[in-house]
Amino acid sequence: MTAVQSTPGPSDAIDAPRSPYRRSKPTRTNFELYAWLFMRMSGVLLVVLVLGHLFINLMLGDGIHQVDFAFVAGKWASPFWKVWDLAMLWLAMLHGTNGVRTIINDYAERNGTRFWLKMGLYAAFTLTVVLGTLVIFTFDPCPIGADPALLPEFCPAR
Amino acid sequence: MATTEAAPAAKVGAIPSFEVTVRIRRYDPERDSAPHWEDYKVQVHGTDRILDALHKVKWEQDGSLTFRRSCAHGVCGSDAMRINGVNRLACKSLLKDLDPSKPITVEPIKGLPVEKDLVVDMEPFFQSYREVMPFLITSGHEPTKERLQSAHDRERFDDTTKCILCAACTSSCPVFWTDGQYFGPAAIVNAHRFIFDSRDEGADLRLEVLNDREGVWRCRTTFNCSEACPRGIQITKAIAEVKQALLTRKV
Ligand code: HEM
Ligand code: FES
């Protein structure tokens with residue numbers, strides 16, 4: 001008997017790339033455990049930091065109308081707000097990046113796509129965190145030659 | 001809905017009979033290049049289950065319809081399928097609980113390769129099940145009689161002993177749907193059954209397996225599994241308990 005089987009494999013009927021079935025190699029680290037824990041702990045901190053930030057900037061005083069260069073410069077003259085904003089930047093970036101990493105792991109189907117999406121994500125993370133940190137630490141509240149009307153009250157140019 | 005009573009003088013307590021349309025996702029790998037929907041009209045009783053309707057289709061209309069069932073009483077876990085969009089056992093879904101005025105859709109469970117009609121390849125499911133070592137691990141002397149356990153200790157993992165491995169939970173999980181690498185709720189439930197068993201000594205091994213990239217940390221608490229389980233196991237809670245055990249290294 002030369003019964004040639006020309007049946008299309010079951011893979012034709014599957015939505016996801018599932019056949020032949022191969023489980024990925026096991027990992028032996030606590031990375032996902034700490035990532036999971038970090039999402040919850042940073043989430044709790046972000047509730048305080050973000051809601052506090054929104055409340056102080058948009059509700060207290062003149063609300064949204066008070067936000068201008070002088071307002072930001074005035075806040076960043078205090079180490080307290082520097083630390084607050086730095087913590088908010090780092091936590092939100094780490095939290096958001098890890099969240100998007102999870103989503104990429106879920107939705108990318110090919111390993112190559114997954115790898116490059118994550119590289120793009122990590123590049124965006126690095127750029128944002130480095131620039132943001134740099135701005136917070138090197139910020140000059142009284143730039144020379146600026147319109148004095150725009151500067152905070154403590155600047156000598158006023 | 002046309003109610004066709006057998007006799008005009010219907011007896012008190014007679015079972016009403018009516019016609020329903022069952023819309024089944026058909027796929028024959030030897031003929032079809034893709035799955036498609038097919039409608040079947042069947043006369044059913046108010047006491048019938050989806051499984052009875054499928055039997056009627058197979059026995060009276062189209063013998064090529066392929067699906068798994070064995071016990072027909074919700075014990076063996078053979079006939080999990082997607083009924084009106086939710087994972088159920090065909091043998092435990094009563095037609096009276098569904099709207100008979102609309103076609104009732106019946107599909108294979110999602111996320112596993114379809115082999116024919118409602119039959120899927122369960123191998124990926126059982127592979128992750130085997131990886132959590134679902135058997136008693138002990139050391140030391142074998143007792144001559146049974147291994148005793150207090151009622152309190154037995155109660156600790158009672159819920160997860162109820163699993164019948166029907167795959168309704170795992171194939172309802174959106175994380176499993178994505179790439180099929182996630183261990184899935186059923187494997188975690190069966191690990192839980194031994195991790196929290198006072199007679200077992202393999203908890204650390206199993207926790208280490210589930211600490212994997214594809215382990216419990218992929219669970220996003222969507223509760224689909226708890227909703228799908230035909231045995232009413234609180235699966236999301238069991239997964240949370242395994243996460244807790246990993247975080248505290250205590251069972
Ligand atoms: C207001 C305070 C916040 C809390 C309490 C919070 C809490 C959480 C928690 C617990 C998770 C994990 C969900 C899971 O594992 O299923 C999560 C995921 C995520 N978070 Fe946040 N978060 C907050 C703010 C933010 C911010 C500011 C961003 C953006 C920068 C963000 C972006 C994300 C993303 C992208 C995910 C992944 C979504 C997913 O897993 O489907 N979150 N959040
Ligand atoms: S046929 Fe056995 S569980 Fe439904």
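What you see is a predicted model; the values in this text were computed from it and never measured. Throughout, a chain's letter reflects where its sequence line sits, starting with A, and its residues are numbered from 1.
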Please indicate whether [X] has more than 12 foreign heavy atoms, meaning atoms of other residues, nucleotides or ligands, lying under 6.0 Å from its [atom1].
X	atom1	value
B:K162	NZ	yes
A:I64	CD1	no
A:M59	CE	no

Interface moiety of B:K243 toward chain A, non-hydrogen atoms closer than 4.5 Å: side chain
Salt bridge (Lys or Arg N to Asp or Glu O under 4.0 Å) against B:K102, all qualifying residues, sequence neighbours excluded: B:D99
Salt bridge (Lys or Arg N to Asp or Glu O under 4.0 Å) against B:R249, all qualifying residues, sequence neighbours excluded: B:E208
Inter-chain contacts: residues 29-50 of chain A against chain B, heavy atoms under 4.5 Å: A:T29, A:N30, A:E32, A:L33, A:W36, A:L37
Chain B-proximal positions within residues 75-103 of chain A [heavy-atom distance under 4.5 Å]: A:T102, A:I103
Closest non-hydrogen atom pair, A:N105 against B:R218: O-NH2, 3.6 Å
Which atoms of A:R114 approach chain B - backbone, side chain, both or neither, heavy atom under 4.5 Å: side chain
